Amino acid sequence: MSEPHSSIEQHGWFTLSGDVNSDMVRRVFNAVADMTEDKLATAHILIQSNGGYVSDGICLYNFLSKLPIRLVTYNTGAVASIAVTLFLSGQQRYASDTARFMVHKSHATASPGARPDALSIIVEGLRADDQRTERILRGHVALSEDQWLVHAYSDLHLTADQALTVGMVEAIRDFEIPKGKRLVNI
């Protein structure tokens, strides 16, 4: 596919996998520093993650969605939990026909014997996390009313075709690295 905005030399191909946590935030920040130093116009990033910490995922979403580099995200396996938000930071998004997405509300555990005021703080934190992630989700995805109901009470699983229908991806497409280009693991 030809890219109207830049030559193939200004593109980079990357993989990003693992838990969404402070280590991933550090790795992404370092990789973006290298991308800007290399004057990349477009970064193609294959994401594979079962999720992690909401605050780290929202930090990465906010950072990546405002980069001066065009971000193209791919899912060829599974993207789940807060990693869905990370995936949505791409200006263009693709999934292989066998890819899956799992979207769910935040969750946490309290220590046995936790005081009621501590439990209240945990619940309020979860509500705030859910509001922040749902705002991002609603900004990118047009779930049906039935899908929003599932999301409200359970894990919502989307196939690549369903993700295409709701606008999570713009096409079913594999992550392919052009011959002679280097793949970098973030």
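The structure presented is a predicted model; accordingly, all values stated were derived computationally and were not measured. Numbers for residues simply follow the sequence, beginning at 1.
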From [X] [atom1] over to [Y] [atom2], what is the distance, rounded to the nearest 0.5 angstrom?
X    : Y    : atom1 : atom2 : result
I58  : R135 : CD1   : CZ    : 8.5 Å
K181 : E176 : NZ    : CD    : 15.5 Å
Q10  : T42  : CD    : OG1   : 7.5 Å
L64  : L88  : CG    : CG    : 11.5 Å
T165 : L143 : OG1   : CG    : 11.0 Å

Identify which one of I45, T73, I82 satisfies the side chain to side chain contact (heavy atoms under 4.5 Å, CB included) criterion when paired with F87.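 Going through the options one by one, the only one that passes is T73.
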Are the side chains of [X] and [Y] in touch, meaning some heavy atoms are under 4.5 Å apart?
X    : Y    : result
H151 : L137 : yes
M168 : V84  : yes
H157 : F101 : no
H44  : F14  : no
L46  : Q48  : no
Y74  : V72  : yes
I186 : V28  : yes

For residues 15-22, which side-chain N or O atoms pair as donor and acceptor with protein atoms under 3.5 Å away, sequence neighbours left out?
unit_1, atom_1, unit_2, atom_2, d
T15, OG1, N185, OD1, 2.6
N21, OD1, D23, N, 3.0
N21, OD1, M24, N, 3.0

All pairs passing salt bridge (charged side-chain N to carboxylate O under 4.0 Å, His left out) where residues 118-128 contributes a residue, at least two apart: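 Only E124-R127 qualify under salt bridge (charged side-chain N to carboxylate O under 4.0 Å, His left out).
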Among residues two or more places apart or on two chains, list those pairs meeting salt bridge (charged side-chain N to carboxylate O under 4.0 Å, His left out) that have a residue in residues 143-172.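 As it turns out, there is no salt bridge (charged side-chain N to carboxylate O under 4.0 Å, His left out) pair with a partner in residues 143-172 once direct neighbours are skipped.
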Quick one: salt bridge (charged side-chain N to carboxylate O under 4.0 Å, His left out) partners of R100, sequence neighbours excluded?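 In terms of salt bridge (charged side-chain N to carboxylate O under 4.0 Å, His left out), with neighbours along the sequence ignored, R100 is linked to no residue.
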Taking salt bridge (charged side-chain N to carboxylate O under 4.0 Å, His left out) as the definition, give me every residue that meets it alongside D129, ordered by chain and number, with sequence neighbours left out.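 Counting only residues at least two positions away or on another chain, D129 forms a salt bridge (charged side-chain N to carboxylate O under 4.0 Å, His left out) with R132.
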Check step by step if side chain to side chain contact (heavy atoms under 4.5 Å, CB included) holds for S89 and L71. CA-CA 8 Å; S89 66; L71 188 63; 3.5 Å; yes
Say whether [X] and [Y] are linked into one hydrophobic cluster, either directly or through other cluster members, by side-chain heavy-atom distances under 4.5 angstrom.
X    : Y    : result
L86  : V103 : yes
M102 : L164 : no
L67  : F29  : yes
V25  : I136 : yes
L149 : V141 : no

Whether [X] side chain and [Y] backbone form a donor-acceptor pair below 3.5 Å:
X    : Y    : value
Q131 : A128 : no
R93  : G167 : yes
S81  : A83  : no

Could you give the side-chain donor-acceptor pairs of residues 31-41 under 3.5 Å, partners two or more places apart or in another chain?
unit_1, atom_1, unit_2, atom_2, d
T36, OG1, V32, O, 3.2
T36, OG1, A33, O, 2.9

Of all residues at least two apart in sequence or in a different chain, which pass the side-chain contact (heavy atoms from CB on, under 4.5 Å) check with A160?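 For A160, the residues satisfying side-chain contact (heavy atoms from CB on, under 4.5 Å) (neighbours in sequence not counted) are A95, I172.
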Y53: partners by ring-ring contact (aromatic ring centres under 6.0 Å, His included), with sequence neighbours left out: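 Result, ring-ring contact (aromatic ring centres under 6.0 Å, His included) vs Y53: none returned.
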Once you measure the plane-to-plane angle for W13 and H11, does it fall in the parallel (<30°), tilted (30-60°) or perpendicular (>60°) bin?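 W13 vs H11 ring planes: parallel.
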If you look only at pairs with a residue in residues 58-69, which of them pass as a side-chain hydrogen bond (donor to acceptor under 3.5 Å, both in side chains), with sequence neighbours excluded?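 Applying side-chain hydrogen bond (donor to acceptor under 3.5 Å, both in side chains) to every pair that reaches into residues 58-69, excluding sequence neighbours, yields Y61-H140.
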Partners meeting side-chain hydrogen bond (donor to acceptor under 3.5 Å, both in side chains) with [X] (sequence neighbours left out):
X    : result
S96  : D174
Q147 : S144
E134 : K105, R138

